[in-house]
Amino acid sequence: MSRPDAAQEVALPICTSCRTPIILVEKGTKFLCPKCGVIVIWRCARCRKTGTNYRCPNCGFEGP
Ligand SMILES: [Zn+2]
Ligand SMILES: [Zn+2]
């Protein structure tokens, strides 16, 4: 008996800039917030390319 929800057990990271789930093949990037160091910022390949700003939900730091 197969479980239809098994494939969704691994949650995709959400791009902090555009809120789009990052598909692993897109090679999104992640890094800790440079200000508070608590929040992991995710950026999808598109936002990296266009330089979309992100905003830390913890301390409100904004950066390119
Ligand atoms: Zn994005
Ligand atoms: Zn922060």
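Counting from 1, the numbers follow the sequence of the chain as shown. Note that ligands are numbered from 1 as they come in the structure, with each ligand's atoms numbered from 1 the same way.
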Atoms of the protein (N/O/S only) found under 2.8 Å from the Zn ion (ligand 2)
Cys33 SG, Cys36 SG, Cys56 SG, Cys59 SG

Please check this pair: side chain of Arg55 against backbone of Thr16, looking for a donor-acceptor N/O pair closer than 3.5 Å.
no

Stepwise, does the side chain to side chain contact (heavy atoms under 4.5 Å, CB included) test hold for Cys44 with Ser17?
CA-CA 8 Å; Cys44 67; Ser17 297; over 6 Å; no

Kindly assign one of parallel, tilted or perpendicular to the pair Tyr54 and Phe31, based on the angle between their ring planes and the thresholds 30° and 60°.
perpendicular

State, to the nearest 10 degrees, the angle whose vertex is the Zn ion (ligand 1) and whose arms point to SG of Cys47 and SG of Cys44.
110°

Less than 4.5 Å apart, any side-chain heavy atom of Cys36 and any of Phe61?
no

Criterion side chain to side chain contact (heavy atoms under 4.5 Å, CB included) on Leu12 and Ile22, from CA distance to verdict
CA-CA 6 Å; Leu12 290 173; Ile22 295 172; 5.9 Å; no

In this structure, NZ of Lys30 is separated from CD1 of Ile39 (nearest 0.5 Å) by 13.0 Å

